[in-house]
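Lettering follows sequence order; numbering is per chain, from 1.
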Amino acid sequence: MRIKELLNLRFSAAMQAAGIPSECSPTLALSGKPQFGDYQANGAMGAAKRLKTNPRELAAKILENLDLDGIADKLEIAGPGFINIYLSNDFLANSVAQSAVKLKKNANPQTVVVDYSSPNLAKEMHVGHLRSTIIGDSIARVLEYQGHKVVRQNHMGDWGTQFGMLIAELEQHLGEGEQAALALNDLEVFYQQSKKHFDEDPGFADTARAYVVKLQSGDQHCRTLWQKFIDVSVAHNLEIYKELNVGLSREHIMPESAYNNDLQNVLDDLTAQGLAVESDGAKVVFLEELADKNGDPSPMIIQKSGGGFLYATSDLAAMRHRVNNLHADRILYYIDARQSLHMKQVFTAARKAGYAAQTVSLEHHPFGTMMGKDGKPFKTRSGGTVKLADLLVEAVERAERLIREKNTDLDDQEINLIARKVGIGAVKYADLSKTRTNDYIFDWDAMMSFEGNTAPYLQYAYTRIRSIFRKAGIDPQSFSAEINIVEPQEKTLTMKLLQFEEIIDQVASEGYPHILCNYVYELASAFMSFYEQCPVLKDDVAKETQNSRLQLSKQTSETIAQGLDLLGIEVMEKM
RNA sequence: CCGCCCAUAGCUCAAUUGGAUAGAGCAUCCGCCUUCUAAGCGGAAGGUUCCAGGUUCGAGCCCUGGUGGGCGGACCA
């Protein structure tokens, strides 16, 4: 049930009947304050400007033609020409009774490719990979919920220049009789070692560079050593995904190396089309579309002067694959905002080369950088990156400590399970609840406070509802009753429940999970107020009232659980 | 030099995409547990939305010019 959509239809009809051109939108919005009703239509003012008439008179004319029988109790014109709408409690109660959170059947399902996580291999995942991984995952879940076909693509960086260096280092270790598994036990340390060698030993550096070329041209020895890194690295990443409750598995991995054999084809095609030209020994696509004020086109290098390919090349190859083989209607890229120019170049070149028709929507959904409390990019005290694995362990430990403080009647197994859901949920929510595009401050204490607008607050609201049903001995799944709105808290809660679908629509089209976070928080908050003010199981509560409140509680718990699930956060029965 | 992004309460963040009196959470202060889980609820206090202009019925949001910060810009990704 989308109330805004319903009101929009009714208002559009009324405006048309009042002789207002159809380009004028009713522009419906939730009212900010109770004295302005539940919803407000602000379109009369815009239309009046266009028709050069008095907005209040025009609003009156709209009301004359408006049919909201059975929907609104009261309509009023306020201020310069706002129309305030007071919805009827019966209408709200009936609407919410008909709405249920469940997977949608979509009449026009799209194939949506979601490119997310995409870490570089041969290094452990660090906090910088968190955003792409969990935001992308959430949007993938939302699109699936709406009935779209989602194709997750984990564009892992397994083919970069650094692999020459790593292979040379591994070869040296093996030559000294060390086992590969042991040498690669700590990828981070191994990477640092080889980097040091590369910087300090010119002979080693030459070997490393030669190995990159050999690897990419299919040399068997290099390929074998390279595979060892990939195996260790992928296993590590899959473990992190599992711990994070992220829906990425082996089948979604489509690494850079998978496009290796197509890179020359891309270059040849771009050259044949006259898009790629030689410049200073390299092959470059010059994009006039992205020229600066001086008229200088933006250069995108497709092939290095030494013959090597770059990430622009594999991104274009990936684009062709996604359009031609995966049949994407929409491709979403969850990639750091620092790569905005690169993405713009890839999109522009792909359009020009005909790799993506205008009917395919190409969307870079960027996100900001993770900062420390000092406002500078987030690092450990020693200046290194924070490993994602360490972060998650600490989150779970902190959650467990808190649970043991608060609760005594849970056994160890229950505590472990809850600590995992609470700790991981808190980390994810802290990230998901902030506007994607901005840089954000990573603050352990704020993230782990477990109070206020955090995942545990939402999980707690859920457990409170489950507890009510447990106490009443009622199975919520089979429970059903009429809702009767009496108290203001009941109305607020009902209104919130009815906004779920609109929120999901918005998140799906714009790719901002924080909108969903805000919604679930407001819903949980509305429930907490309801919980304090509207007793359910007390002795003096009439049976009918009790059933109505149980129904409201039931639907709230379902909506919270569904909302959290779309964020990739789990709920539990007790905490 | 060129380009992109950001600036909102002491701190961390919102603001339904141009709507009415800018909202939450932390932190501070005051109340509420013999009653469905106090990881909670109610209340108080906290603002020149970086600055200066402009557009209009209306601007945190749009335009122009500044200030301060972040990030990109041929051979890493």
Indicate, with a heavy-atom threshold strictly under 4.0 Å, whether [X] touches base, sugar-phosphate, or nothing.
{"X": "H342(A)", "value": "nothing"}
{"X": "M300(A)", "value": "nothing"}
{"X": "D540(A)", "value": "nothing"}
{"X": "T27(A)", "value": "nothing"}
{"X": "C534(A)", "value": "base"}

Roughly, in whole Å, what's the span from [atom1] in [X] to [atom2] in [N]?
{"X": "K496(A)", "N": "U16(B)", "atom1": "NZ", "atom2": "P", "result": "13 Å"}
{"X": "I441(A)", "N": "G25(B)", "atom1": "CD1", "atom2": "P", "result": "21 Å"}
{"X": "M528(A)", "N": "C32(B)", "atom1": "CE", "atom2": "C1'", "result": "16 Å"}
{"X": "E451(A)", "N": "G25(B)", "atom1": "CD", "atom2": "C1'", "result": "9 Å"}
{"X": "R50(A)", "N": "U56(B)", "atom1": "CZ", "atom2": "P", "result": "17 Å"}
{"X": "R464(A)", "N": "A38(B)", "atom1": "CZ", "atom2": "C1'", "result": "7 Å"}
{"X": "M343(A)", "N": "C4(B)", "atom1": "CE", "atom2": "P", "result": "18 Å"}

(message) Between A59(B) and A20(B), how far apart are the two P atoms, rounded to whole Å?
(response) 11 Å
Is the phosphate of [N], meaning OP1 or OP2, less than 4.0 Å from a side-chain N or O of [X]?
{"X": "Y440(A)", "N": "A14(B)", "answer": "no"}
{"X": "K406(A)", "N": "A38(B)", "answer": "no"}
{"X": "K471(A)", "N": "U37(B)", "answer": "yes"}

With both distances kept under 3.5 Å, what pairs with [N], Watson-Crick or G-U wobble?
{"N": "A59(B)", "answer": "none"}
{"N": "A77(B)", "answer": "none"}
{"N": "G3(B)", "answer": "C71(B)"}

(message) Just by distance, no angles: are the side chains of Y440(A) and D431(A) close enough, under 3.5 Å, to form a donor-acceptor pair?
(response) yes
(request) Based on the glycosidic angle (syn within 90° of 0, else anti), state the conformation of C71(B). (result) anti
(request) Between A312(A) and N294(A), name the one whose nearest nucleotide on RNA chain B is closer to the 5' end. (result)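 Nearest nucleotide further toward 5': that of N294(A).
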